[in-house]
Amino acid sequence: MESIQRIINTLLRNPTLIKSKSEAKQIHAQILKSFPIYIYTPTLLSIYSKLNLLPESLILFNTTLPSPPLLAWKSIIKCYSSNASFLQSLNSFLKMRALGIHHDRNVFPSVLKSCTHLMFFKFGESVHACVIRVGLESDVFIGNALLSMYSKFALQVFDESPKRRTVDQNETILVSSDTAGQNHKKCEKIDEIMCGKHKMQSVRKVFETMPERDVVSYNTLILGYAQSNMYNEALMMIKEMGKANLKPDAFTLSNVLPVVAEYMDVWKGKEIHGYGVRHGFHTNEYIVSGLTDVYANCNMVEDSYRLFSLLPKKDCVSWCSIIAACVQNGLFDEGLRLFREMLSANIKPVPISFSSIIPACGHLTALPLGQQLHGYIIRSHFEDNMYIASSLVHMYARCGNIKLAMRIFDTMKQHDLVSWTAMIMGCALHGHAYDAISLFEQMEMEEGFRPNSVAFVAVLTACSHAGMVNEGLKFFNKMVKEYKITPDIEHYACIADLLGRAGKLEEAFGFICSMPENKTASSVWLPLLAACRVHKNVELAEKVAMHICEFDTGANLLLSNTYSSVGRYKDAADSRRRSSSRKKPAGPAWIKALGGMHIYVKENIKGPVVYSLINNMEEFWESSKMGYQDRGIIPLLYVILLINPIHSFRNLSSSNMVSEH
DNA sequence: GTAGGGTTAG
């Protein structure tokens with residue numbers, strides 16, 4: 001008996017020796033068997049709490065009622081906060097204080113963490129004040145928790161939507177004063193970015209006043225800088241770490257990687273990659289998914305894939321990262337293949353998995369596949385997710401089902417700039433220019449969103465499709481003058497297209513010539529060349545083609561068509577020859593045709609090649625899994641390929657061909 | 001006490 005007691009006492013004095021739930025339960029059982037439980041309850045509770053076992057901790061905590069000792073309170077507050085029950089954690093903290101129990105240093109990090117996650121600004125500040133009052137501000141754990149809290153608060157301001165900030169109702173209940181509204185009004189006047197950066201400076205001050213700093217302190221500040229997009233400051237902190245004789249760890253690297261990706265700094269990415277390999281971090285899922293993003297953003301998706309494939313243990317985020325990397329780089333079928341592979345690997349898709357893969361269906365106009373995924377989304381109860389809903393709006397609009405796109409948009413609980421833009425673009429693509437413009441105005445005037453560059457592409461597209469010259473120019477001017485957005489190639493292309501379609505060819509030419517030279521890509525000149533063909537203006541077409549030929553081979557084809565339209569067949573043949581000599585293979589296409597069959601077509605230098613011909617998606621998945629390709633060409637399809645030159649064949653894959661008939 | 005991935009672009 002005595003020896004058991006000795007063992008138990010040793011274990012209870014060193015609770016870190018107990019590493020698993022079953023060990024904790026074993027010692028609990030031994031105590032129940034041999035000793036009066038109440039003596040050991042708080043210690044046992046602290047063991048369960050360290051293992052983050054909330055239900056077990058709660059049962060024990062309730063046995064300590066009505067007067068739990070400090071150790072019990074500390075444990076339950078920590079356990080609530082580690083299990084994301086932040087409100088309960090703060091509630092317990094308040095109850096503990098109300099009972100006059102004197103807190104110690106260990107309770108504050110959990111409480112501050114809860115304030116951080118709940119975005120309880122006032123409450124967090126008052127806890128900070130309490131920390132100072134009891135003289136614990138030099139504690140490094142508490143200091144780190146404060147750094148984390150203020151960084152997140154700075155981010156909240158930084159991230160704030162231009163219109164309104166949602167303050168958790170609960171904070172008003174707990175803190176009963178609402179200055180958030182006033183703060184918000186102030187922030188509206190200041191540039192959001194400056195506001196976030198300004199807040200980060202005060203986080204830096206907290207950091208500087210800390211008498212002792214460890215790796216976590218640096219990591220936390222680096223994360224704050226990274227999330228506020230303060231790239232240089234984040235990198236500087238890594239250098240400062242070195243000066244303080246602290247070595248960057250896996251957290252440091254993965255904290256800084258998102259902003260490296262954002263700035264597309266491939267060299268810094270490689271440097272970090274190298275450091276990671278040298279220090280054995282190259283199999284860390286966090287770092288690998290960060291690096292995946294860096295390479296994907298720098299158009300080096302092959303490198304992303306290599307990293308991913310070398311990862312011994314691939315978690316849900318690793319899969320999401322590589323799928324998103326493919327889709328964002330236009331490798332839609334590869335993204336779909338990986339999505340399917342992920343399912344085969346028994347990784348359950350989470351909301352982000354769907355919002356990453358749905359755009360691929362949109363771009364491929366693969367409606368049946370998109371519908372299957374939509375079904376999966378509904379079965380998983382993810383349909384309320386804003387990212388997913390926006391991608392569905394885009395997918396259905398691109399696949400020709402504007403009504404369903406609209407219905408999804410209308411049933412969304414809340415909209416953001418992206419969902420509005422997806423809907424506006426959907427209407428624009430379907431020629432519903434008035435709807436698009438009225439949605440844009442509703443978004444801007446009634447909902448108070450500040451349109452960005454993409455939103456203007458959408459509304460300008462609507463105007464150009466409907467030939468609404470004045471409205472288009474009005475929006476363009478508004479973008480430049482009112483919103484101070486520097487026009488991009490897409491905006492110029494819309495205006496050039498708009499003027500061209502309206503027959504104002506010379507005006508369009510003048511407009512493009514007045515653009516900054518680095519923006520005059522072929523995408524701006526091509527619509528004008530197409531307009532020259534429609535309006536049979538050969539002289540201008542020749543002038544325009546001169547500007548394009550270095551950029552693009554499609555230009556010669558358009559020029560050739562212009563010559564044909566006025567009967568100059570020899571010139572037409574010449575330019576067509578020039579175009580065919582420069583032809584590049586295009587990307588693959590999905591086509592639904594011929595009685596509901598799906599055809600997967602890829603072009604090579606000789607022309608289109610049919611890779612698979614299938615009756616349903618399941619069959620396609622099967623065939624792609626087995627890796628056999630080149631399944632032969634059925635005669636009818638062959639005829640289609642023969643009578644359609646490659647460029648028209650590509651047009652077949654657009655929405656009208658794929659939508660449900 | 002600290003970390004990750006996502007939606008819109010004629």
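If you're wondering where the values come from, they're calculated on a predicted model, not measured in any experiment. The sequence lines fix the lettering, A, B, ..., with proteins before strands; numbering per chain opens at 1.
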Sugar-phosphate only, base, or nothing, as touched by A:Asp293 at under 4.0 Å among non-hydrogen atoms: sugar-phosphate

Selection from B:dA3, B:dT8, B:dG4 that lies nearest to any side-chain heavy atom of A:Ala422: B:dT8

Rounded distance (Å) that lies between atom C1' of B:dG6 and atom CG of A:Leu338: 16 Å

Sugar-phosphate, base or nothing in reach of A:Thr461, heavy atoms under 4.0 Å: sugar-phosphate

A:Lys478 with A:Glu444: basic N within carboxylate O range, under 4.0 Å: yes

Sub-6.0 Å ring centroid separation between A:Tyr295 and A:Tyr305: no

Rounded interatomic separation in angstrom, taking CG from A:Asn297 and P from B:dG6: 8 Å

Euclidean distance, A:Tyr218 OH relative to A:Leu147 CG, rounded to 0.5 Å: 11.0 Å

Candidate nucleotides B:dG6, B:dG4, B:dG5, ranked by approach to the side chain of A:Pro351 - the nearest: B:dG6

Donor-acceptor pair under 3.5 Å, A:Asn385 side chain vs B:dG6 base: yes

Gap between atoms CZ and P, on A:Phe251 and B:dG4 respectively (whole Å): 10 Å

Spacing of A:Ile142 atom CD1 relative to B:dT2 atom P, expressed in whole Å: 13 Å

Distance, rounded to the nearest Å, where A:His363 contributes NE2 and B:dT7 contributes P: 9 Å

Sugar-phosphate, base or nothing in reach of A:Val393, heavy atoms under 4.0 Å: nothing

Distance under 6.0 Å and angle within 45° of ring axis: A:Lys113 vs A:Phe86: no

Donor-acceptor pair (no angle test) under 3.5 Å: A:Ser390 side chain, B:dT7 base: yes

Side chain to side chain donor-acceptor pair (under 3.5 Å) partners of A:Lys50, counting only residues at least two apart: none

A:Ser355 side-chain proximity, nearest of B:dT2, B:dA9, B:dT7: B:dT7

Candidate nucleotides B:dT2, B:dT7, B:dA3, ranked by approach to the side chain of A:Lys113 - the nearest: B:dT2

Donor-acceptor pair present, A:Ser321 side chain and B:dG5 base, under 3.5 Å: no

Sugar-phosphate, base or nothing in reach of A:Ser254, heavy atoms under 4.0 Å: base

Which residues share a side chain to side chain donor-acceptor pair (under 3.5 Å) with A:Tyr231, sequence neighbours left out: A:Asp265

Distance, rounded to the nearest Å, where A:Ile272 contributes CD1 and B:dA3 contributes C1': 14 Å

Spacing of A:Tyr218 atom OH relative to B:dA3 atom P, expressed in whole Å: 18 Å

Spacing of A:Met412 atom CE relative to B:dT8 atom P, expressed in whole Å: 12 Å

Any donor-acceptor N/O pair under 3.5 Å between B:dG4 base and A:Asn255 side chain: no

Residue A:His465, side-chain heavy atoms: nucleotide from B:dG10, B:dT8, B:dG4 that is nearest: B:dG10

Touch class at under 4.0 angstrom, heavy-atom based, for A:Arg501 against every strand present: base

Touch class at under 4.0 angstrom, heavy-atom based, for A:Ala324 against every strand present: sugar-phosphate

Closest to side chain of A:Asn284, choosing from B:dG5, B:dA3, B:dG4: B:dA3

A:Tyr387 over B:dT7, stacked by centroid distance under 5.5 Å, angle under 30°: no

